[in-house]
Amino acid sequence: MFRDSANTIAPSNQDSDKPVVDKEQPAERTPFFVDKNAPHNEVDFARIESAVRVILEAVGEDPDRDGLLETPARVARMYAEMFAGLKSDPGRHLAKVFAEDYDEIVLVRDISFCSMCEHHLLPFTGKAHIAYLPSGKVVGLSKLARVVEEVARRPQVQERLTHTVANLIEDRLSARGVAVVVESTHSCMTMRGIRKPGSLCLTSAMRGAFKTDPKSRAEVLGLINRAAS
Ligand SMILES: Nc1nc2c(ncn2[C@@H]2O[C@H](COP(=O)(O)OP(=O)(O)OP(=O)(O)O)[C@@H](O)[C@H]2O)c(=O)[nH]1
Ligand SMILES: [Zn+2]
């Protein structure tokens with residue numbers, strides 16, 4: 001992330017204590033924080049907006065009442081954000097690697113994510129833990145979180161999220177082993193339907209040595225499950 005200079009506030013002038021906005025900045029401004037690597041997906045805003053109007057009418061609401069006037073546009077923006085990873089290639093984050101003579105476990109734990117259940121279009125949120133056994137090259141740690149973030153931004157089931165991340169890391173890093181464990185709460189099980197707040201869904205995908213060698217598997221699961229110190 002970086003701070004966009006176009007959005008900086010000029011120092012106070014002598015007449016007022018209030019900061020003044022730099023006159024040089026363009027009328028159309030980019031967001032204050034811009035993450036150039038964030039996933040991006042164009043959605044059809046107009047169609048989402050008209051669909052949301054239809055849904056509001058169908059549930060007995062008046063989409064023209066004050067409080068709901070901007071709701072269709074808000075929902076369209078929300079879907080653009082929630083589904084930003086739909087057409088992107090999350091593997092691109094694993095393209096830059098560093099040669100490193102290290103062949104033990106690399107684990108990034110507790111990567112928070114928010115995804116969307118494809119059955120109900122309700123969020124499921126939780127944490128992903130990613131471990132791999134490098135084969136001569138390592139990747140920047142943040143890139144593992146970027147992969148999770150991007151794969152999460154799709155409508156899906158947790159199982160697919162889990163094995164998609166594992167496959168990407170195995171393929172792109174030629175890792176000797178990959179372990180991905182995902183734990184999350186599904187709103188469709190807590191807010192509606194069976195209504196079981198507190199229920200947790202755990203999924204795992206093991207590849208290479210973590211799948212075939214019980215000792216490696218036990219070691220990585222021990223690290224993942226280790227209580228935070
Ligand atoms: N395997 C799996 N199931 C999921 C996931 N997210 C939601 N589900 C389940 O998808 C199922 C959809 O079941 P359906 O019977 O088609 O839909 P439903 O009548 O709304 O189901 P209920 O939630 O039981 O009311 C439900 O059991 C959900 O709990 C997921 O990530 N993985
Ligand atoms: Zn669901």
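We count ligands from 1, going down the list as the structure has it; atoms in each ligand are counted the same way. Numbers here are sequence positions counted from 1.
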- Check side-chain hydrogen bond (donor to acceptor under 3.5 Å, both in side chains) between Arg77 and all other residues, then give those that pass, not counting sequence neighbours. none

Can you confirm whether [X] sits close enough to [Y] that some side-chain heavy atom of one is under 4.5 Å from a side-chain heavy atom of the other?
X	Y	value
Arg154	Met116	no
Met82	Cys114	yes
Ser204	Glu183	no

- Query: By residue and atom, what protein N/O/S atoms are less than 2.8 Å from the Zn ion (ligand 2)?
  - Reply: Cys117 SG, His120 ND1, Cys188 SG

Flag yes if more than 12 heavy atoms outside [X] fall under 6.0 Å of its [atom1] atom; otherwise flag no.
X	atom1	result
Asp64	CG	yes
Ile194	CD1	no
Asp66	CG	no

- Could you verify whether a donor N or O on one side chain and an acceptor N or O on the other, from Ser88 and Glu150, lie under 3.5 Å apart? yes

- Query: In the hydrophobic clustering (ILVMFWY, side-chain contacts below 4.5 Å, transitive), which residues join Val54, or is it alone?
  - Reply: none

Could you go through ligand 1 and list every pair where one of its N or O atoms sits under 3.5 Å from a protein N or O, giving the atom names and the distance to one decimal?
from, atom 1, to, atom 2, distance (Å)
ligand 1, 1 (N), Glu159, OE1, 3.4
ligand 1, 1 (N), Glu159, OE2, 2.7
ligand 1, 6 (N), His186, ND1, 3.3
ligand 1, 8 (N), His119, ND1, 3.4
ligand 1, 10 (O), His119, ND1, 2.7
ligand 1, 20 (O), His120, NE2, 2.7
ligand 1, 20 (O), Arg192, NH2, 3.1
ligand 1, 23 (O), Arg192, NH1, 3.0
ligand 1, 25 (O), Arg192, NH2, 2.8
ligand 1, 31 (O), Gln158, N, 2.7
ligand 1, 32 (N), Glu159, OE1, 2.8

